Amino acid sequence: AVTADKLANSVNTDIATGVTASTTAGDALPKAGGTMTGALTPSSINWSAARVRRNAVQAITNSTWTLVVFQETSYDTLSEFTATGRFVATAAGKYHVQAKIEIANASWTQGKSLYVHIYKNGVSYCSGYQQEQVATNLEQKMGLVTDTIELVATDYLEIYCLQNQGTTLNLTSGGNTSDFSVSRIS
């Protein structure tokens with residue numbers, strides 16, 4: 001059994017339960033007062049950090065919840081985004097999630113809104129929206145949503161949006177106008 005005394009006064013191999021034959025004492029836990037060596041990098045700790053964005057126009061039908069398709073990967077350390085921009089967790093933990101979408105130039109009517117939702121496993125989990133306070137000439141409208149979400153392996157996240165302007169509007173494309181990022185924080 002591993003005891004506090006053993007932890008404080010033993011060499012690495014005395015307490016390295018489950019260490020494989022190819023692991024050396026220096027690769028396991030250091031002796032009390034010792035130091036660990038080697039670089040600690042995102043790939044060495046197997047941590048999620050990913051961001052995708054839109055690279056083409058997408059039509060958003062009036063008053064219809066629409067899956068936002070993200071086609072271009074900025075980075076994805078664990079290959080957790082699918083080709084359409086669905087994030088599928090590979091490990092349990094808490095994840096910081098952020099999405100923003102931008103509607104191309106449109107004339108907005110007072111009281112009309114743009115909604116952005118994060119869906120977890122096919123169900124709306126949290127939302128953000130922007131409502132027009134006054135009638136406007138042509139302008140772009142941006143919606144943002146962010147949250148910390150607890151996931152287990154195979155849980156998935158998607159971004160949906162809805163606009164109620166009265167006609168089909170387009171999401172902008174290119175640059176950093178519409179994107180979706182996920183980072184595991186614990």
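The structure presented is a predicted model; accordingly, all values stated were derived computationally and were not measured. Sequence positions, counted from 1, serve as the residue numbers for this chain.
Tracing side-chain contacts under 4.5 Å through hydrophobic residues (I, L, V, M, F, W, Y), one reaches Leu171 starting from Leu114; they form part of the same cluster. Cluster annotation: Tyr125 is not connected to Tyr156 through the hydrophobic network of ILVMFWY side chains, with a link wherever side-chain heavy atoms come within less than 4.5 Å. Under a hydrophobic-cluster definition in which Ile, Leu, Val, Met, Phe, Trp and Tyr are linked whenever side-chain heavy atoms come within less than 4.5 Å, directly or via other members, Val145 and Ile60 are assigned to the same cluster. Note on Ile101 and Tyr115: separate hydrophobic clusters, where clusters join Ile, Leu, Val, Met, Phe, Trp and Tyr whose side-chain heavy atoms are under 4.5 Å apart, directly or indirectly. In the hydrophobic clustering of this structure, Tyr119 does not group with Phe70; members are Ile, Leu, Val, Met, Phe, Trp, Tyr whose side-chain heavy atoms approach within less than 4.5 Å, directly or through other members.
Summarising the geometry, atom CG belonging to Leu169 is positioned 10.0 Å from atom OG belonging to Ser107; distances are rounded to the nearest 0.5 Å. To the nearest 0.5 Å, the span separating OG on Ser63 from CD on Gln165 amounts to 10.0 Å. Here the OG atom belonging to Ser186 is positioned 9.5 Å from the OH atom belonging to Tyr95, to the nearest 0.5 angstrom. The OG1 atom of Thr177 lies 8.5 Å from the CZ atom of Arg53; values are rounded to the nearest 0.5 Å. To the nearest 0.5 Å, atoms NZ (Lys120) and CG (Asp147) are separated by 10.0 Å.
Here the side chains of Val116 and Lys100 are not in contact, with every heavy-atom distance at 4.5 Å or above. No side-chain heavy atom of Thr146 sits less than 4.5 Å from a side-chain heavy atom of Val97. A heavy-atom distance below 4.5 Å is not found between the side chains of Thr172 and Val57. With a 4.5 Å cut-off on side-chain heavy atoms, Lys94 and Ile149 do not count as touching. At a threshold of 4.5 Å between non-hydrogen side-chain atoms, the residues Asn121 and Val123 do not count as touching. Val182 has its side chain out of reach of Glu80: every pair of non-hydrogen atoms, C-beta onward, lies at least 4.5 Å apart. At a threshold of 4.5 Å between non-hydrogen side-chain atoms, the residues Thr148 and Ile185 count as touching. For the pair Val88 and Thr82, the minimum side-chain heavy-atom distance is below 4.5 Å.
Exactly one of Leu151, Val52, Asp155, Ile159 qualifies for a side-chain contact (heavy atoms from CB on, under 4.5 Å) with Phe87. That residue is Leu151.
Electrostatic pairing of Arg51 and Asp179 counts as a salt bridge here, judged by a charged N lying under 4.0 Å from a carboxylate O.
The closest donor-acceptor contact from the side chain of Thr77 to the backbone of Trp47 lies under 3.5 Å. Although no hydrogens or angles enter the test, the distance criterion places a donor-acceptor pair under 3.5 Å between the side chain of Gln71 and the main chain of Asn55. No donor-acceptor pair under 3.5 Å is formed between the side chain of Gln130 and the backbone N or O of Lys141. Distance alone, capped at 3.5 Å, places no donor-acceptor pair between the Ser48 side chain and the Ser183 backbone. Side chain of Arg184 to main chain of Ala92: a donor-acceptor pair is present (N/O by atom type, distance under 3.5 Å, no hydrogens or angles).
The closest side-chain donor-acceptor pair between Ser178 and Glu102, if any, does not fall under 3.5 angstrom. No hydrogens or angles considered: nothing links the side chains of Gln163 and Ser113 as a donor-acceptor pair under 3.5 Å.
Two rings, from Phe81 and Phe180, have their centers less than 6.0 Å apart.
The environment of Tyr129 atom OH is sparse: at most 12 non-hydrogen atoms of other residues, nucleotides or ligands sit within 6.0 angstrom.
Smallest separation of non-hydrogen atoms from Ala104 and Gln140: C-CG, 4.1 Å. Closest approach of Gly166 and Asn62 over heavy atoms only: N-OD1, 2.7 Å.
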Next on the checklist: Show, in sequence, the C-alpha distance, side-chain angles and deciding distance for Leu157 and Arg86, and conclude whether the side chain to side chain contact (heavy atoms under 4.5 Å, CB included) test is met.
Outcome noted: CA-CA 6 Å; Leu157 302 172; Arg86 174 186 276 190; over 6 Å; no

Checklist entry - What's the verdict on side chain to side chain contact (heavy atoms under 4.5 Å, CB included) for Val69 and Gln58, showing C-alpha distance, side-chain angles and the deciding distance? => result CA-CA 8 Å; Val69 179; Gln58 179 180 349; 3.9 Å; yes

